[in-house]
There are 2 protein chains.
Amino acid sequence: MVTRGDARREQILYAAMVVFADHGYHRASLAGIAEHVGISQAGLLHHFPTKPRLLTAVLEARDRLDREWLAELDPDGRTGPRLLVNLLRLVDRNRRLGGLVQIYTALAGESVTDDHPARAWFTDRYGRVTASVEAGLLAGADALRPDVDCALLAREVVAVMDGLQLQWLLRPDEVDMVAAFRDYATRLIRSTALDPEPLVALLASAVPVPLPAHAG
Amino acid sequence: MVTRGDARREQILYAAMVVFADHGYHRASLAGIAEHVGISQAGLLHHFPTKPRLLTAVLEARDRLDREWLAELDPDGRTGPRLLVNLLRLVDRNRRLGGLVQIYTALAGESVTDDHPARAWFTDRYGRVTASVEAGLLAGADALRPDVDCALLAREVVAVMDGLQLQWLLRPDEVDMVAAFRDYATRLIRSTALDPEPLVALLASAVPVPLPAHAG
DNA sequence: GTCTATAAACGGATAGAC
DNA sequence: GTCTATCCGTTTATAGAC
């Protein structure tokens with residue numbers, strides 16, 4: 001139970017997210033993060049005793065945000081082919097979140113080394129994420145063609161999202177993640193769903209090109 | 001013209017590839033690379049004056065290897081839907097190359113930061129690679145359904161390859177890059193090519209599951 | 001071309017005062 | 001909880017001998 005009272009911890013976590021995103025883990029310095037918060041480097045270490053501990057705390061916080069967002073989705077929209085509509089929404093959210101997505105791409109790539117402190121965490125996370133997508137696909141498998149391999153497909157969908165994100169981060173103004181993923185998902189539905197067109201229509205209407213923010 | 005005579009340079013380049021792959025750029029030390037070669041750190045700096053210069057040399061060398069490999073492919077096999085068969089072969093080659101692929105994934109992820117010395121290089125490279133795939137698709141566009149968006153599709157194909165590679169590097173024994181990409185490419189061909197089945201058959205026969213190494 | 005020696009800077013972590 | 005001061009390891013890069 002991490003009750004209330006530690007506003008400093010959250011300040012530090014947020015600053016660390018930003019700095020890790022900007023410089024990666026190894027180049028980020030505790031002093032730099034501390035400066036963002038307005039305290040000294042030693043002051044920071046009072047809240048997180050070591051740098052790796054800070055890193056894992058950041059990753060868990062980021063993951064918690066994602067979970068909260070997923071929990072807001074309609075529960076019946078998380079299975080079967082309709083899953084793709086929600087993943088498209090996720091891609092759009094990532095685009096709007098901008099820099100905060102970067103910590104995943106930057107750290108995930110960086111973690112693919114023998115001794116990176118986040119390597120186990122990312123290995124674990126990919127296991128969970130792909131298993132979750134696979135479960136979603138299997139739950140709606142009766143709406144899919146019988147020859148669809150849900151395990152392979154789950155890895156593929158996650159791969160497309162990651163790969164597009166990398167390209168987008170390198171050239172944000174030239175790469176349209178949302179358009180590319182919509183194109184992919186549309187084709188995927190047409191080639192795997194038994195009754196694709198209603199879902200395709202849903203996909204086309206979800207996430208209107210530039211989200212109009214003055215309606216509610 | 002980088003004539004002959006500098007065997008040392010190539011030794012260093014190879015050692016740097018290995019060490020960058022193992023630890024990423026920022027964590028790799030010049031002393032560690034020099035040790036692999038059997039010379040001192042100062043001795044290494046005689047051949048490559050700074051660490052960033054060594055990095056770009058490594059990236060260019062890696063890229064040159066890829067080009068040489070691509071040049072060996074049948075020239076008429078690089079366009080249209082048949083392009084996917086050769087990309088499947090590339091995925092298989094990457095799997096067999098193992099650690100040397102890692103430098104791309106590790107460095108590409110690391111490069112997504114504001115001031116990374118390889119950032120411009122990777123931005124550039126993705127531009128070239130996606131343009132090349134797009135050109136290949138366009139060249140064989142008469143065998144594709146007319147509604148295929150070759151630009152978006154090129155980014156998608158590259159994304160799948162990168163994303164699968166990331167998952168594979170984190171769990172080499174659990175993730176089957178080749179199977180996943182074959183599954184993807186098969187579905188892609190079926191949903192975009194006008195006459196898919198011959199290509200699907202080609203895809204199924206290319207890259208036999210575990211390459212039997214004792215035949216020649 | 002390669003070495004030793006060293007400069008110069010940086011980063012994580014600790015000790016102890018307030 | 002936060003600070004200052006400091007220790008100690010690491011790293012890139014340079015100087016100069018051989």
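Lettering follows sequence order; numbering is per chain, from 1. Since this is a predicted model, take the numbers as computed values, not measurements.
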Send over the distance from B/Leu45 CG to C/dT2 C1', rounded to a whole Å. 12 Å

Salt bridge A/Arg119-A/Asp115, side-chain N to carboxylate O under 4.0 Å: no

Assess B/Arg125 against B/Tyr104: is NZ or CZ under 6.0 Å from the centre of the six-membered ring, and within 45 degrees of the ring's axis? yes

When the distance from CG of B/Leu44 to P of C/dC3 is rounded to whole Å, what number comes out? 10 Å

Could you check how far CD of B/Gln41 sits from C1' of C/dT6, rounded to whole Å? 11 Å

Between C/dC10 (C1') and A/Arg27 (CZ): distance, integer Å: 11 Å

Measure from CG on A/Leu30 to P on D/dG9 and round the result to the nearest Å. 19 Å

Examine D/dT2: is either OP1 or OP2 under 4.0 Å from a nitrogen or oxygen in the side chain of A/Ser40? Give yes or no. no

What's the closest nucleotide to the side chain of A/His47 if the choices are C/dT14, C/dG11, D/dT2? D/dT2

Please round to the nearest 0.5 Å and tell me the distance separating atom OG1 of A/Thr56 and atom CZ of A/Arg53. 6.5 Å

Atom CD1 of B/Ile33 and atom P of D/dT11 are separated, to the nearest Å, by 11 Å

A/His46 side chain: which of D/dG1, C/dT2, D/dC3 is closest? D/dG1

Look at the side-chain N and O atoms of A/Arg8 and state whether any lies under 4.0 Å from the OP1 or OP2 oxygen of D/dT2. yes

Classify the nucleic acid contact of B/Ser29 as base, sugar-phosphate or nothing, counting any heavy atom under 4.0 Å across all strands shown. sugar-phosphate

Just to be sure I understand the geometry, which residues of residues 48-59 of chain B put a non-hydrogen atom under 4.0 Å away from DNA chain C? none

NE2 of A/His46 to CD1 of A/Ile39: how many Å apart, nearest 0.5 Å? 9.5 Å

How many whole angstroms separate atom CD1 of A/Ile12 from atom P of D/dG1? 10 Å

B/Tyr25/B/His116 aromatic ring centres below 6.0 Å: yes

Please check if the side chain of A/Lys51 supplies one atom and the backbone of A/Ser29 the other of a donor-acceptor pair under 3.5 Å. no

Whole angstrom value for the distance that separates C1' of D/dC3 from CD of A/Glu35: 16 Å

Just checking B/Ala34: base, sugar-phosphate only, or nothing, at a heavy-atom cut-off of under 4.0 Å? nothing

When rounded to the nearest 0.5 Å, the distance separating CG of B/Leu164 from CG of B/Asn94 is 11.0 Å

